[in-house]
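Here's the structure, in structure tokens; my notes come after.
Since the model is a prediction, treat every value here as computed from it, not as a measurement.
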Amino acid sequence: MRRPLPWRDTSDPYRIWVSEVMLQQTRVVAAVPYYERFTKRFPDVKSLAEAPEQELLACWSGLGYYSRARNLHRSAQIIVEMGGFPENFKKIRSLPGIGDYTAAAIASIAFGLPHAALDGNVLRVLSRLSNDAGDIRARETRERISALASRLLDRKNPGDFNQAMMELGATLCSPKRPQCLLCPVSPECEALAVGRQNQLPVKLRSAQTVRLEYTLLLVRRNGCFLLRQRNADSGNLVGFWEAPCTADLPAARMGREVGRFKHSIMHHEYRVTVRFASVVKCPPGFRWIGAGTLEQLPLTTATKKALKLL
DNA sequence: AATTCGGGGTT
DNA sequence: AACCCAGAATT
């Protein structure tokens with residue numbers, strides 16, 4: 001059942017750290033190609049610490065949750081100052097971008113320390129195993145399940161134990177229609193025993209999706225595109241480059257439609273229309289960017305998708 | 001304790 | 001179309 005994953009070939013804490021951060025709220029299949037590229041470009045802590053942020057973000061562009069990349073960068077610099085990768089839970093946990101889960105994962109996998117890692121998979125597996133109907137997002141429930149995880153933890157092999165628990169959640173003990181017939185611990189599963197496996201875990205509160213639409217403009221001239229770098233006022237995606245929307249260029253002349261795509265962010269779903277447009281002069285805040293240099297810049301995913309339509 | 005942060009595959 | 005992913009930081 002053990003899936004061959006690129007970060008399982010190493011005991012290098014740096015690589016395990018990078019993989020764990022990439023896997024925060026991100027599926028394994030999505031993270032793999034990013035991990036390969038990232039570790040090739042930044043093979044160790046030092047190379048990451050010294051990298052320009054724009055290069056880092058360009059490498060992360062499309063993976064989402066960009067504060068992960070910025071925190072990874074800051075932490076790399078802290079680790080260099082510390083003189084090496086921290087080797088106990090408390091120090092690992094203190095690094096920016098590392099919470100309880102990631103600290104436990106690194107401590108157990110890279111250093112063999114007895115800390116149970118509690119991610120979405122493990123919460124699901126254990127809520128079923130113990131037939132716990134508490135809200136999985138409530139602190140009380142998490143503490144109860146965390147205590148159970150610590151009790152079950154194989155203290156001689158915590159890294160394998162943690163990964164096996166997550167593997168079980170990712171493969172058999174899935175959110176819907178768990179494959180209990182194939183599950184090695186089904187005889188111990190209290191939810192299965194009373195037929196509640198499909199009702200667990202209980203998770204309350206989820207905002208409903210908001211649908212919006214807008215138009216992105218591709219303004220091309222002499223092999224360049226009109227782009228803008230998001231500044232500190234834009235709130236999110238600061239430092240990323242993007243194409244203008246219609247509100248940015250009220251005076252632009254519209255050209256033909258290039259295409260459409262959907263783009264989802266959190267509980268927002270955007271329907272984006274892409275059109276060609278032209279302007280008389282470069283509007284304030286925008287710059288002409290050569291088409292050849294685009295891939296070296298961190299582009300917003302929406303802009304990336306728009307350009308891909310060409 | 002509740003929100004926010006990206007994006008995309010699954011069901 | 002809802003759900004949820006090898007979560008963390010901020011409010």
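Among the heavy atoms of the strands, none lies under 4.0 Å from Arg70(A). Within the 4.0 angstrom heavy-atom criterion, base atoms lie near Arg8(A). Here Val29(A) lies out of heavy-atom contact (under 4.0 Å) with every strand. Among the protein residues, Ile98(A) comes within range of the sugar-phosphate backbone only, with heavy atoms under 4.0 Å from sugar or phosphate atoms but none that close to a base. Heavy atoms of Arg124(A) sit under 4.0 angstrom from primed sugar atoms or phosphate atoms, though from no base atom. Here Lys305(A) lies in heavy-atom contact (under 4.0 Å) with sugar-phosphate atoms only. Within 4.0 Å (heavy atoms only), Gly169(A) reaches no atom of the nucleic acid at all. Counting non-hydrogen atoms under 4.0 angstrom, Gln208(A) reaches nothing in the nucleic acid.
Ranked by how close their nearest DNA chain C nucleotide is to the 5' end, Pro96(A) and Leu5(A) are led by Leu5(A). In terms of position on DNA chain B, the residue among Arg139(A) and Leu63(A) whose nearest nucleotide sits closer to the 5' end is Arg139(A).
Between the side chain of Arg68(A) and the base of dC5(B), no donor-acceptor pair of N or O atoms lies under 3.5 Å. On a pure distance criterion of 3.5 Å, no polar donor-acceptor pair joins the side chain of Ser264(A) and the base of dG6(B).
Look at Arg137(A) and you won't find any side-chain N or O under 4.0 angstrom from OP1 or OP2 of dT3(B). Not one side-chain nitrogen or oxygen of Tyr65(A) sits closer than 4.0 Å to the OP1 or OP2 atom of dT4(B).
Among dG7(C), dA6(C), dA1(C), the nucleotide with an atom closest to any side-chain atom of Thr102(A) is dG7(C). Relative to the side chain of Lys203(A), the nucleotides dG7(B), dC5(C), dG6(B) differ in distance, and dC5(C) lies closest.
To the nearest angstrom, P of dG7(C) lies 19 Å from NE2 of His115(A).
Side chains of Gln163(A) and Arg8(A): a donor-acceptor N/O pair is present below 3.5 angstrom, by distance only. When only modelled atom types and interatomic distance are considered, Ser108(A) and Asn162(A) share a side-chain donor-acceptor pair under 3.5 Å. In this structure, a donor-acceptor pair under 3.5 Å is present between the side chains of Arg124(A) and Asn121(A). A donor and an acceptor atom, one from each side chain of Tyr101(A) and Glu20(A), are located under 3.5 Å apart.
The aromatic rings of His115(A) and Phe89(A) lie parallel to each other, their planes meeting at an angle below 30°, with 60° marking the opposite boundary.
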